[in-house]
Amino acid sequence: MPKTSFDILWIILSSGLVFFMQAGFLCLESGLTRTKNSINVAIKNITDFGIATLIFYSIGFGLMFGTTYYGWIGKDMFFPDFSKTNPETSVFFLFQLMFCGTAATIVSGAVAERMKFGAYIIVTTIISSLIYPIFGHWVWGRDLQDWDQFTGWLAHLGFMDFAGSTAVHSVGGWVGLSAMLLIGNRTGKYGKDGSVRKITGHNLPLAMLGTLILWFGWIGFNGGSTLAFTSDVPKIITNTMFAASGGMASSLIYGWIRLKYAEATLPLNGTLAGLVAITAPCNAVNSLESILIGLVAGILMFEAGVLLEKLKLDDAVGAIPVHLVSGIWGTLAVGFFGDLSVLGTGLDRTTQILVQFLGVVSCAILSFGVSYPLLYVIHRFYSLRVSPQNEFQGLNYTEHRATTELIDLFMEMEYQKQTGDLSQDLSIEPFTEVGQIAERYNLVLDKIRTNIKEKETLAIELEHNLSLLQSDLSTARKIQSGIISQEDKLTGELEITVRYLPLTEVGGDFFDIMELRPGLTRVFLADATGHGVQAALLTMAIKAIYESLKRGIYSVTEILYHLNNEFLHTFKNLNQFFTCIVVDIDTNLNLIRYSSAGHVPQYLLQDQEIHSLEKTGRIMGVIPNTKYTSNEIGFNQDSKLILFTDGLFEQWNSNKEEFGEERVEAIIGNLKGISIGEGIDQILNKLDEFLDGSPKQDDISVLGISRKIQKPSR
């Protein structure tokens, strides 16, 4: 206990160093979290100390250092009144208050980026008013009238925790673990396949500065725990430096070996692990033992982090491996390495280790066993976790409406993205980096607005031209409709069903039906490459040539021969092709004679069988003077001839399946017993069912030809 004015001064200085550790925690935790949550973490680190001060003064100090109730809790000294006549008690309260604030701050890192600010205040209140004071009474409770008389039951058993590896750090770690289990992991930390997403802090140099501040503050944390400026202080501070360095070195080297690279946060957390571990035995071990304790702490910290990831537990800043695991190790190290004469408990080595283990277990039972049920009940009525939307936006804004210049800039950009309103420039904060970004962005906006105006002008012109084009297409459709008769007709003894389905206003298919003489009808069907206006113009060229030939006395092969030559001669620069078929149907001889220039197979259904009309020559428009051959096939009274263009089967549905020739042939084969018109409609209906709403991709022309049904004579 402080006895002299210099002792009191030392404890005040130590209290200041421990208080400065709050700044270290603030820098460390905010640096290891994302920008959108950094302000929230910083506010928690400020707020928890203020809350802890009020709670510890009103309740905690009395529970911890009041007159003992059978070694379990203190029962007086609530709202203590400190006077200048007894400065020892005042400075003792001040020093213990710093420890209470430290225990509360540890939780902040474990649950960062997803716990509500109000929920964190509740957690701080539970630690400051209940868990830390009660366990502190068990370990450090003493009669304030007789400073050397410890009153806690663990202290009576010989449990030693010089500066709080368990009493401060493990307490904070256990409460952090219970809160972490209840509120769950950060969104996206673990994938459904078990993968771990590395969430990197926004400012690692700031986190490193925080570590150095904590390292500096630990001089008062451990050195001030003597409660007097004795000859032990230099040794304690030296051991603290050794253990911190050992933890830093082992975590860096061990992690480097395991990960194959020097991970940036390992020196930070390794240093802190060594500091936490040496806190309990720093007064009772030598220099080499201090280094060893730090080395082991660094490795344990690394492996504890790996274990948390395997268990799918998300510790945002590594608080559990650093404070809980290293705190447990440091407490047990008192039994393993502590000089028994310095400890002065009168226990042998084995018993001391068992008592240290009992203290660790007792801390777990009290800290976790009280915090988890309490927080669980609170969580049922008041969610400890922010909503997914708030977590996505970040706790800086959703919890505190706190923004930065950069966030304000992003929000203005987001507004423009959501509304599409680019009429207003972004706000510019002069002489700042964000302002310079906004200024450049506004220049881009100005260029975009200029381009939009130009495009609007072009769009108006395009709309006008499109209107003219639509008018021209409508005229072209009327002209093509006049040229290509789309109505069913009767020609001699033949019934002809026509189904013409152009893909656009005009199509690239052309057909002509003409009775050459009684009993002989010629059918011509052509399919130009492509579709739309270009294909329609090509069909007009085909029609013009065919019209000049069809009334001549030409066979089906001669028609194709002259049509090919005339097309190549007249339109040699077009570099366009088309397929066609000419069919002469002789009802007097019950015979079909046809010639096909590269046209897809056509089908004749008769005598309960389906016959294929295969191509007899190459496609039109390729080589002049091409010779074509013809074929003949019977055409009986019950025969049905179906002619079509390739658009009937070259249609694809949403599953990338083609309607296909085989499907068309199978459907035609089942058309026995129904009229040719019904049969063609059935084919087209099957095609619509197959497409199931998908658009057609080509023009379709289908001609069905059958003999008229002869009425019986009376």
Side-chain angles (χ1 to χ4, degrees), residues 476-487 489 491-492 494 496 498-500 502 506-517 520-586 592-600 602 613 615-631 641 643-647 699-703 705:
R477 178 179 58 79
K478 293 176 182 178
I479 294 172
Q480 193 173 56
S481 297
I483 294 172
I484 302 175
S485 176
Q486 300 177 34
E487 297 180 355
K489 61 175 63 180
T491 302
L494 300 178
I496 302 177
V498 177
R499 298 292 183 268
Y500 177 60
V506 290
D509 295 347
F510 170 72
F511 56 86
D512 182 83
I513 302 167
M514 177 183 178
E515 189 175 24
L516 297 178
R517 54 183 168 78
L520 181 62
T521 300
R522 175 166 289 174
V523 181
F524 176 75
L525 177 61
D527 183 3
T529 55
H531 47 76
V533 175
Q534 178 180 316
L537 291 174
L538 187 59
T539 60
M540 295 302 98
I542 297 169
K543 170 184 167 48
I545 299 173
Y546 179 73
E547 287 289 335
S548 68
L549 296 172
K550 72 176 185 179
R551 297 187 183 278
I553 307 175
Y554 293 118
S555 67
V556 292
T557 56
E558 291 171 335
I559 282 283
L560 295 185
Y561 175 80
H562 292 299
L563 178 61
N564 181 56
N565 283 346
E566 286 295 324
F567 182 81
L568 283 170
H569 175 72
T570 307
F571 303 106
K572 58 183 178 181
N573 295 326
L574 280 181
N575 195 31
Q576 294 290 322
F577 317 102
F578 66 95
T579 68
C580 63
I581 184 171
V582 182
V583 182
D584 283 354
I585 305 173
D586 193 331
I592 287 177
R593 181 179 295 106
Y594 76 91
S595 184
S596 172
H599 203 68
V600 295
Q602 310 290 282
L613 280 61
K615 65 181 179 180
T616 60
R618 65 166 57 94
I619 193 171
M620 289 281 178
V622 179
I623 299 175
N625 300 318
T626 298
K627 300 294 185 180
Y628 294 91
T629 60
S630 63
N631 289 329
L641 177 63
L643 306 176
F644 51 88
T645 55
D646 59 12
D699 306 313
I700 300 175
S701 294
V702 186
L703 304 178
I705 305 171

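Worth saying up front: this structure is predicted, and the values here are computed from it rather than measured.
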(request) Quick one: closest heavy-atom pair of Thr557 and Ser595, and the distance? (result) CG2-OG, 4.0 Å

(request) Would you confirm whether Ser630, through its side chain, and Tyr594, through its main-chain N or O, come within 3.5 Å as a donor-acceptor pair? (result) no

(message) For Tyr546, give me all partners under ring pair (Phe, Tyr, Trp, His ring centres under 6.0 Å), at least two apart in sequence or on another chain.
(response) Phe524

(request) Please report the shortest heavy-atom distance between Ala597 and Leu560, naming the atom on each side. (result) N-CD1, 4.0 Å

(request) Indicate yes or no for a side-chain donor-acceptor contact from His599 to the backbone of Thr616 under 3.5 Å, with no hydrogens or angles considered. (result) no

(message) Strictly distance-based, threshold 3.5 Å: is any side-chain N or O of Thr491 a donor or acceptor partner for the main-chain N or O of Leu494?
(response) no

(request) Could you go through the side-chain contact (heavy atoms from CB on, under 4.5 Å) check for Leu563 and Leu549 one step at a time? (result) CA-CA 8 Å; Leu563 178 61; Leu549 296 172; 4.0 Å; yes

(request) Would you mind reporting whether Val498 and Leu703 have side-chain heavy atoms less than 4.5 Å apart? (result) yes

(request) Could you check if a side-chain atom of Ile705 sits within less than 4.5 angstrom of a side-chain atom of Leu643, using non-hydrogen atoms only? (result) yes

(request) Using a cut-off of 6.0 Å, state whether more than 12 heavy atoms not belonging to Lys615 lie near its atom NZ. (result) no

(request) Using a 4.5 Å cut-off on heavy atoms from C-beta on, say whether the side chain of Arg522 contacts that of Ile559. (result) yes

(message) Just verifying a value: how many Å separate Phe510 CZ and Asp527 CG, rounded to the nearest 0.5 Å?
(response) 13.0 Å

(request) Would you name the heavy atoms of Ala526 and Phe578 that are closest together and state the gap between them? (result) CB-CD1, 4.3 Å

(request) Verify, without hydrogens or angle tests, whether Tyr628 (side chain) and Arg618 (backbone) share a donor-acceptor contact under 3.5 angstrom. (result) yes

(request) For residues Ile553 and Glu558, report the shortest heavy-atom separation together with the two atoms involved. (result) O-OE1, 3.9 Å

(message) In the structure I gave you, are the side-chain heavy atoms of Ile542 and Met620 within less than 4.5 Å of one another anywhere?
(response) no

(message) Looking only at the side chains, is there a donor atom on one of Asp509 and Ser701 sitting less than 3.5 Å from an acceptor on the other?
(response) yes

(request) Supply the atom-to-atom distance Leu641 CG to Ile585 CD1, rounded to the nearest 0.5 angstrom. (result) 5.5 Å

(message) Just verifying a value: how many Å separate Thr521 OG1 and Ile513 CD1, rounded to the nearest 0.5 Å?
(response) 9.0 Å

(request) Decide yes or no for Val556 and Val583: does some side-chain heavy atom of the first lie under 4.5 Å from some side-chain heavy atom of the second? (result) no

(message) Can you give me the closest heavy-atom contact between Ile623 and Asn564, atom names plus distance?
(response) O-ND2, 2.8 Å

(message) Quick one, Gln576 and Phe571 - any side-chain contact, counting heavy atoms below 4.5 Å?
(response) no

(message) Could you measure the distance from the CE atom of Met540 to the CD atom of Glu547? Nearest 0.5 Å is fine.
(response) 10.0 Å

(request) Examine distances only and state if a side-chain atom of Asp586 and a backbone atom of Leu520 form a donor-acceptor pair shorter than 3.5 Å. (result) no

(request) Locate the shortest heavy-atom distance separating Thr539 from Ala528; write the atom from each residue and the value. (result) CG2-CB, 4.1 Å

(message) As a quick check of understanding, evaluate side-chain contact (heavy atoms from CB on, under 4.5 Å) for Phe511 and Val702, giving each step before the final call.
(response) CA-CA 10 Å; Phe511 56 86; Val702 186; over 6 Å; no

(request) For the residue pair Val622 and Phe577, establish whether any side-chain heavy-atom pair is separated by less than 4.5 Å. (result) yes

